[in-house]
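Accompanying notes for the structure given below.
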Amino acid sequence: MSTDKNIATVLAHAGGSPDPRTGAVVPGIAPATTFARGTDYALPSPGHLYSRDDNDLYRQAEALIARMEGAEETRLFASGMAAIAAVFRSVPQGAAVVVQSGIYWGTTVWVRKFCKRNALALVECDTSDPARLSETLEQAAADLVFIETPSNPTLKVTDIEAAANAAHEAGAVLVVDATASTPLVCQPMKFGADFVVHSATKALNGHSDLLAGVVSARDASSERWRLIAEERHDAGAVLGSFEAWLLLRGLRTLSLRVERMNANALAIARFLAGHDKVERVLYPGLETHPGHDIAVRQMSGGFGSLVSVLVKGGAEDALAAAGRLQIFLRATSLGGVESLVEHRYSIEGDATGVPKNLLRLSIGIEHADDLIADLDQALSL
Ligand SMILES: *Cc1c(COP(=O)(O)O)cnc(C)c1O
């Protein structure tokens, strides 16, 4: 498909065209792991040797995501964590890394263990304060800076451009986990990020039926990208063919889903901000959010589908409200078509400082009025 189309149009066609042989409008699932050579031992088709890397469905999904991201190249991984792990494995032995504090708990837990085992110096810092990041980088000669914006679950916004400048001045690369934004809302490479990761398990697929991850590179000729791509090819944390096919199917409706989820999330955040049982709402789309101006600058078409709410009272009050919800499902994860609620303190405990009365809402594509009515009845009792 030509490159001048709007991304919504490209996505609806999954970046593909009908199969030239059959006219099929949807690609087939290609389960073959290996490809037969001819009598002269030549491979009949270039790029088809062994499916750890050689899978046309991966290539189609990767091209589509690279295009949304403004990246030179993208690689799919078996999960968001596999993608993040591939990035951290590119850090040289003995180096230092700066990781944003209070981000996706799974990342924090894994990175702490990984750094400890591999003698990497790990500095955790609140990167939503650019001065703090610069100070940290002056003290630690970091190789890599990892941020998440907006962060999960406290929805802090980090200024990507400021973080990229600070990282580059210190000789580090900037990696952004933009899962909570999606590449339709935020393209961190425009602001200088070197690599972007997503858990495609979330909004990219959007149907809560697949684990997948991606890493994209602004400069595909870098040595570090070679290491990350090699990690996929050699260490092999790959998606299966069926999963790649499901991801492509999910991506076809991404722009519609993101539009609805983001509009719903903003309406819900505004409703909750005026509710008398609510202490505080954390959502970058609210003018009162400390990162709102930066969010306006680096996000477009919405502020994401994650909204966290501090319920008046303590853990018991938050859990009771969650227990009364009838449309929101009490489940972890985010970015799916169905709205979910999670009490993060029940998962993270005291280790992270997550407020005991925080409920994280992942807003789906249901009608906003129904979601608001559900929250109202659950909070008002
Ligand atoms: C879920 C999530 C991940 C991990 O992704 P998996 O696909 O579950 O491995 C990483 N970062 C963020 C922000 C997430 O929400």
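Indexing begins at 1, ligand by ligand and atom by atom, following the structure's order. Count residues from 1 along the sequence.
- A salt bridge between R297 and D159 is present, with a side-chain N of the basic residue lying under 4.0 Å from a carboxylate O of the acidic one.
- Counting heavy atoms from C-beta outward, T201 and L210 have side chains that stay 4.5 Å or more apart.
- At a 4.0 Å heavy-atom cut-off, ligand 1 touches I84 through the side chain alone.
- Neither the backbone nor the side chain of V197 comes within 4.0 Å of ligand 1, counting heavy atoms alone.
- In this structure, the protein non-hydrogen atom closest to atom 11 (N) of ligand 1 is D177 OD2, 2.7 Å.
- Atoms of ligand 1 found under 4.0 Å from any heavy atom of N152, numbered from 1 in the order shown, are 15 (O).
- Under a 4.0 Å N-O distance rule, the pair E230/R232 does not qualify as a salt bridge.
- Regarding atom 10 (C) of ligand 1, its nearest protein heavy-atom neighbour is Y104 CD2, 3.4 Å.
- The cationic atom of K156 (NZ for Lys, CZ for Arg) does not lie both less than 6.0 Å from the six-membered ring centre of Y283 and within 45° of the ring axis.
- Ligand 1 places these atoms under 4.0 Å from at least one heavy atom of T201: 6 (P), 7 (O).
- Of all protein heavy atoms, the one lying nearest to atom 15 (O) of ligand 1 is K202 NZ, 2.7 Å.
- Taking only non-hydrogen atoms, the option from S199, S333, S362 nearest to atom 5 (O) of ligand 1 is S199.
- For the salt bridge (charged side-chain N to carboxylate O under 4.0 Å, His left out) test with E231, the passing option among R224, R89, R75 is R89; the others fail.
- The 12-atom threshold is exceeded at NE2 of H168, counting heavy atoms of other residues, nucleotides or ligands nearer than 6.0 Å.
- When each atom of ligand 1 is checked for a heavy atom of L334 under 4.0 Å away, the hits are 15 (O).
- A salt bridge is defined here as a Lys NZ or Arg NE, NH1 or NH2 lying under 4.0 Å from an Asp or Glu carboxylate O, and E223 with R226 meets this definition.
- Under a 4.0 Å criterion applied to the non-hydrogen atoms of A212, ligand 1 contributes the atoms 7 (O).
- None of V175, V176, L174 except one satisfies the side chain to side chain contact (heavy atoms under 4.5 Å, CB included) rule with D194; the exception is L174.
- Residue G80 approaches ligand 1 through these ligand atoms, each under 4.0 Å from one of its heavy atoms: 5 (O), 6 (P), 7 (O), 9 (O).
- An N or O contact shorter than 3.5 Å links M81 to ligand 1 by distance.
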